[in-house]
Amino acid sequence: MLYDSIRNYQEHKIISDIAQGDSPQTINALCSECMPILEKIEGERSEKIVSFAEGLIHYLLTVALIPSQRKIIFSSIDVDIVIPDISTLSSTPEDALVIAFPKTSDPLSIRKRVTELTKIQPHKENIWLVLENELSLDVKTYKIDNSGKEPFMNIINDIIWFTSNRKQSKLKIFKI
């Protein structure tokens, strides 16, 4: 479903949108096309929606050539995405971003996940969560339906801003 939506939107347009700072438009269009389909799929709602968002971010990081490591274990903690890499997280955590996709709507589980992540990323402003529902946390949270303080559609622009403002920024080339 996600890749059908990407094909319909066209990869070259996605790349162009990202390069021009218009990734919110791309993310919004892809979400608008896929969300109604996700609603019809059986399963726990948060798990379906957050899994979709994670897949979309993996794809967008790849086409934007944003350095990242995904689905790894660091200090016995599962990490969904770290930007730019574990080495940076280990040596200079202020220059690394950890993004988590809790596939639950349970506030206690999500808070537990944040506590785990602060063990490997002491800079809470560098821990970002992507959630289906609003939850008051002391880390940045993106709400997938694009409402709230941090709409999900802004996440790629925010990642680009984050990486471009770091000493060892590796984000220099777009696939254009």
Partner of I18 under side-chain contact (heavy atoms from CB on, under 4.5 Å), picked from L65, I27, I66, I160, is I160

Review point. Parallel under 30°, tilted from 30 to 60°, perpendicular over 60°: which one fits the rings of Y142 and W128?
Key: tilted

So CZ of F74 and CG of L117: to nearest 0.5 Å the spacing works out to 11.5 Å

Is there side-chain contact between V114 and L129, with at least one heavy-atom pair below 4.5 Å? yes

Is I57 close to Y59 at the side-chain level, that is, under 4.5 Å between some pair of heavy atoms?
-> no

Open item on the list: Taking K71 first and then D80, would you say they form a salt bridge - that is, a charged N and a carboxylate O separated by under 4.0 Å?
Closed with: yes

query: Taking side chain as C-beta onward, heavy atoms only, is K143 less than 4.5 Å from L131?
result: no

field: Check: K13 and Q25 side chains under 4.5 Å, non-hydrogen atoms
entry: yes

For this session: Check whether any side-chain heavy atom of I73 lies under 4.5 Å from a side-chain heavy atom of V79, and answer yes or no.
Result: no

Contacts of E39 meeting side-chain contact (heavy atoms from CB on, under 4.5 Å) (sequence neighbours excluded), chain-then-number -> R45, I49

So the side-chain hydrogen bond (donor to acceptor under 3.5 Å, both in side chains) pairs with at least one residue in residues 96-107 (sequence neighbours excluded) are E54-K103, D106-S109

Under the side chain to side chain donor-acceptor pair (under 3.5 Å) rule, what do N8 and E33 come out as? Steps first, then yes or no, please.
-> CA-CA 10 Å; N8 292 340; E33 184 174 332; 3.1 Å; yes

Distance col, row F162:CZ vs K140:NZ, nearest 0.5 angstrom, shows 10.0 Å

Here the gap from D85 atom CG to S91 atom OG, rounded to the nearest 0.5 Å, amounts to 8.0 Å

